Amino acid sequence: EKMEMVNHDLKLLQREELLKWGGWGYNDSMFKLNEKGSICFTGSRYKLSGLVMPELRPWMESTIGIHVKQRSEAVAEIDLSKMPKPILNEGFMKDVHQTGMEVSSDSMDRLVRSHGHTLEELFLLRKGEFNARVPDLIVFPRNHDDVVKLVSAAVRHNVCLIPIGGGTTVTLALACPENESRCIATVDMTQMNQILWVDEKNLLARIEAGIIGQDLERDLAAMGLCTGHEPDSMEFSSLGGWVATRASGMKKNVYGNIEDLLVHVKMVTPRGVLEKNCMVPRMSAGPDLHQFILGSEGTLGIITEVTLRVRPLPECQRYGSIVFPDFKHGVDCLREIALKRCAPASIRLMDNEQFRFGQALKPQADGIFSSFIDGMKKFYVTKIKGYDPSHMCVATLLFEGDAVSVAQQEKVVYEIAAKHGGMSAGEENGQRGYMLTFVIAYLRDCGLDYEVVSESFETSVPWDRVADLCRNVKDRIQHECKNQGVRYPTLSTCRVTQTYDAGACVYFYLGFKYRGIADPVNAYLAVENAARDEILSNGGSISHHHGVGKLRKQYMSRTVTPAGIGTVKSVKEYLDPRNIFGSGNIVD
Ligand SMILES: Cc1cc2nc3c(=O)[nH]c(=O)nc-3n(C[C@H](O)[C@H](O)[C@H](O)COP(=O)(O)OP(=O)(O)OC[C@H]3O[C@@H](n4cnc5c(N)ncnc54)[C@H](O)[C@@H]3O)c2cc1C
């Protein structure tokens with residue numbers, strides 16, 4: 001996928017000139033009905049840009065019940081005069097000005113940094129409304145020392161700080177607590193975007209925490225290196241955000257999750273800078289302090305500099321896909337691949353609904369976007385005849401490494417797949433699956449234009465519960481949608497996105513048309529909460545990589561024992577006794 005640089009200086013370019021203020025991604029990129037009544041993807045940034053997807057509208061009509069005349073468009077502009085007046089703290093402002101750091105209390109600057117990307121946040125913005133409490137000012141530190149000064153000024157003047165990186169959180173982690181009466185300064189980290197040094201002997205790089213994922217990978221690639229950390233949000237999310245949320249990238253089988261890549265990190269807390277005094281691959285020195293920083297969600301301090309493992313760019317990259325008669329066969333195959341430790345960099349198993357949805361995204365063009373089904377037809381009738389199209393599902397694969405090891409890995413993976421009834425469906429189909437990764441995030445806004453609320457959520461679960469959990473959660477969603485008065489077909493679909501020795505990550509999409517429902521956001525939340533309840537009852541976790549934020553706080557007491565909650569609270573009390581980092585995430 002073509003990925004343009006977000007810009008190393010998002011703020012100076014005015015973030016809102018490049019990115020939407022009330023939706024996902026770049027201003028010029030969206031799914032939209034064209035004059036001929038088909039859905040196309042606008043702009044020129046992605047492979048899908050400028051193309052028409054003739055099957056998408058019929059799919060949306062039959063699967064979710066949209067009607068093109070039943071629209072619910074977002075407001076074109078937002079009336080910022082209604083924004084609450086900022087609560088300013090003069091002593092703090094004076095101290096910050098003295099450091100030379102930039103500060104803004106501009107209403108648009110405050111608005112775009114007041115939220116993440118949950119359905120409820122976006123729904124509000126589309127109506128031209130915002131939360132009762134938004135940040136009072138935005139501060140732009142330029143380096144670690146600025147952050148040290150900023151945190152000590154906040155402690156001196158009792159100001160609440162909320163760090164923000166890319167703002168892609170999906171847990172309400174950036175929402176300001178409504179009852180916060182102190183001045184809230186949101187700390188925009190995106191000016192801290194430099195690679196400070198690269199150590200090619202030890203394959204390490206120290207990087208400022210505000211760098212955006214695509215910028216980091218592009219700058220490292222210029223040196224022949226990569227981190228290999230590629231969360232689906234990497235176009236817009238930041239390194240500090242990844243550490244603060246314990247992010248997971250799609251290629252973790254080769255490169256590891258963020259906790260595996262992290263060798264050293266600095267976090268500025270009200271108690272001082274928290275860091276280790278050496279940079280070693282592992283050490284036994286009591287509990288690992290990094291584990292408190294990873295997943296701290298902005299509640300303990302500001303992550304300023306991160307040292308990551310880097311690797312030479314892979315010599316060879318190959319895509320692949322495997323079609324299975326049904327989801328259960330696919331899960332069993334992924335399990336065996338994981339247990340034999342031969343998983344490719346990425347392996348994702350889509351259920352039948354998602355497989356069909358992938359077909360609906362087929363543009364009117366040849367080449368890489370040629371239909372999976374069409375391409376498979378000959379193959380399908382001859383070799384896999386007997387697979388029921390209403391049950392079959394597909395895994396997409398991405399192999400990375402040197403040419404010899406990739407070839408060996410492909411051989412082993414396809415052999416295991418064959419044992420589970422899986423058949424190779426070609427490189428093109430795999431490549432197409434990964435190409436769609438970044439554009440799929442734009443679909444929710446299109447659904448919202450036609451009275452559809454949708455969202456994704458995820459979990460991790462032991463292998464022996466994966467298939468049951470998926471089935472039970474989907475059943476529960478259907479049941480709860482009926483309870484909530486949903487009159488149209490509900491979309492509930494899942495895929496296995498990450499595999500481990502002991503289990504997997506499962507990612508769900510849920511969406512329904514809300515016509516006739518008075519409070520669609522609360523109806524949606526009731527359904528998602530029922531799904532989460534089902535996930536936990538089936539042995540799944542509160543989250544594999546999105547985190548807790550404020551959205552899932554209610555499930556923490558089902559996630560760890562009271563002694564565990566107490567430990568989290570006591571670390572907070574020690575590092576931040578005055579609750580300077582008062583975003584209110586994780587626990588109360
Ligand atoms: C379309 C989409 C796809 C996604 N795909 C993935 C995925 O594949 N894998 C994945 O793991 N997540 C994914 N996410 C979730 C999200 O992108 C991650 O949680 C990401 O790590 C957040 O990074 P950010 O820079 O946007 O953080 P923000 O949204 O700015 O902040 C998130 C939290 O981290 C804190 N924070 C941010 N920077 C710092 C810092 N420097 N110091 C201290 N605290 C800080 C904030 O206070 C907040 O609590 C996705 C989200 C979307 C919308």
Side-chain angles (χ1 to χ4, degrees), residues 6 10 19 23-25 112-119 121-122 135 141 144 147 151 160-176 184 186-193 207-213 215-216 229-252 257-259 265-269 274 293-306 346 348 437-445 454-458 460 497-498 505 507 509 543-551 581-586:
V6 167
L10 258 187
L19 308 180
W24 177 254
V112 298
R113 292 167 183 83
S114 68
H115 67 87
H117 283 268
T118 63
L119 172 72
E121 291 170 300
L122 270 299
H144 172 81
V147 176
V151 173
C160 172
L161 298 180
I162 300 184
I164 180 171
T168 65
T169 173
V170 281
T171 64
L172 299 176
L174 293 170
C176 299
I184 301 180
T186 286
V187 184
D188 185 312
M189 297 298 292
T190 54
Q191 306 305 294
M192 291 180 56
N193 53 24
I207 307 140
E208 289 184 312
I211 197 164
I212 299 295
D215 296 337
L216 172 60
H229 183 68
E230 292 188 9
D232 293 0
S233 59
M234 72 173 288
E235 288 172 286
F236 308 111
S237 57
S238 71
L239 171 58
W242 300 340
V243 176
T245 57
R246 294 184 74 91
S248 176
M250 67 162 122
K251 300 197 299 195
K252 75 103 193 136
N257 285 319
I258 194 69
E259 65 272 20
V265 54
K266 287 187 192 175
M267 181 165 76
V268 182
T269 78
L274 182 60
I293 299 174
L294 285 154
S296 54
E297 298 189 9
T299 61
L300 300 178
I302 300 181
I303 296 156
T304 55
E305 293 176 7
V306 183
S346 172
R348 292 173 165 181
T437 298
F438 296 113
V439 289
I440 281 175
Y442 287 89
L443 260 174
R444 179 171 65 190
D445 293 335
S454 64
E455 182 75 283
S456 61
F457 54 90
E458 39 70 66
S460 47
T497 59
Q498 302 284 25
C505 167
Y507 197 94
Y509 288 104
S543 168
H544 169 266
H545 56 266
H546 282 168
V548 180
K550 290 177 263 300
L551 191 64
F581 290 94
S583 57
N585 297 330
I586 310 175

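Counting starts at 1 for both ligands and their atoms, in listed order. The structure displayed is predicted, hence computed values, not measured ones. Residue numbers count from 1 along this sequence.
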Below a 4.0 angstrom heavy-atom separation, can you tell me which part of Asn585, side chain or backbone, both or neither, approaches ligand 1? side chain

Do Gln498 and Ser248 have side-chain atoms, one donor and one acceptor, less than 3.5 Å apart? yes

If every non-hydrogen atom of Gly25 is compared with every non-hydrogen atom of Tyr442, which pair is closest and at what distance? CA-OH, 3.5 Å

With rounding to the nearest 0.5 angstrom, report the CD1 to OG distance, Ile586 to Ser296. 6.5 Å

Atom of Ala247, atom of Glu259 and distance for their closest heavy-atom approach: O-OE1, 4.3 Å

Test Trp242 against every option in His229, His545, His546 by the ring-ring contact (aromatic ring centres under 6.0 Å, His included) rule and name the one that passes. His229

Ligand 1 atoms nearer than 4.0 angstrom to some heavy atom of Ala244 are 34 (O), 35 (C), 36 (N), 44 (N), 45 (C)

Among Gly549, Gly584, Gly241, which one has a heavy atom closest to atom 23 (O) of ligand 1? Gly241

Are the charged groups of Asp232 and Arg348 less than 4.0 angstrom apart, N to O? yes

To check your reading of the model: name the closest protein heavy atom to atom 2 (C) of ligand 1, its residue, and the distance in Å. Ser233 CB, 4.0 Å

Stepwise, does the side chain to side chain contact (heavy atoms under 4.5 Å, CB included) test hold for Phe581 with Ile302? CA-CA 9 Å; Phe581 290 94; Ile302 300 181; 3.4 Å; yes

Close-contact set for ligand 1 against Thr169 heavy atoms, below 4.0 Å: 29 (O), 32 (C)

Quick check: does His117 get an N/O under 3.5 Å from an N/O on ligand 1? no

For atom 6 (C) of ligand 1, which of Thr118, Thr497, Asp232 has the closest heavy atom? Asp232

Mode of Trp24 contact toward ligand 1 - side chain, backbone, both, neither (heavy atoms, under 4.0 Å): side chain

Going by the order shown, which atoms of ligand 1 are within less than 4.0 Å of some heavy atom of Ile164? 30 (O)

Nearest heavy atoms of Thr190 and Gly165, plus distance in Å: CG2-O, 3.7 Å

In Å and rounded to the nearest 0.5 Å, what is the CE to CD distance from Met192 to Glu305? 6.0 Å

Any chance you could measure Ile303, atom CD1, to Met189, atom CE, to the nearest 0.5 Å? 8.5 Å

Can you check whether Gly167 has an N/O within less than 3.5 Å of an N/O in ligand 1? yes

Give a yes-or-no answer on whether the side chains of Glu297 and Ser583 include a donor-acceptor pair shorter than 3.5 Å. no

Identify the protein heavy atom lying closest to atom 12 (N) of ligand 1, giving its residue, its atom name and the separation to 0.1 Å. His545 CD2, 3.6 Å

Taking all heavy atoms of Thr118 and all of Thr171, pick out the closest pair and write down the distance. CG2-N, 3.7 Å

To which of Ala173, Gly25, Pro163 does the heavy atom nearest atom 47 (O) of ligand 1 belong? Pro163

Who's the nearest protein heavy-atom neighbour of atom 49 (O) of ligand 1, and how far? Glu297 O, 3.0 Å

Closest non-hydrogen atoms of Trp24 and Asp445, given as atom of the first, atom of the second and distance, are N-OD2, 2.8 Å

Any side-chain donor paired with an acceptor under 3.5 Å for Ser456 and Tyr507? yes

Has ligand 1 got any nitrogen or oxygen that is less than 3.5 angstrom from a nitrogen or oxygen of Ile303? yes

Tell me the nearest of Leu300, Ile211, Thr168 to atom 52 (C) of ligand 1, using heavy-atom distances. Thr168

Is the closest N or O pair between Ser238 and ligand 1 shorter than 3.5 Å? yes

For atom 9 (N) of ligand 1, which of the options Ser248, Ala175, Ala247 provides the nearest non-hydrogen atom? Ser248

Taking distance alone, with no angle check, do Leu174 and ligand 1 share an N/O pair under 3.5 Å? no

Who's the nearest protein heavy-atom neighbour of atom 19 (O) of ligand 1, and how far? Thr245 OG1, 3.3 Å

For Val170, the ligand 1 atoms with a heavy-atom partner under 4.0 Å come out as 53 (C)

Taking 4.0 angstrom as the limit and counting only heavy atoms of Gly301, give me the atoms of ligand 1 inside it, by number and element. 43 (C)

For Ala441, the ligand 1 atoms whose distance to one of its heavy atoms is below 4.0 Å: 1 (C)

Suppose we measure from atom 24 (P) of ligand 1 to each protein heavy atom; which comes out shortest, and what is that distance? Gly166 N, 3.5 Å

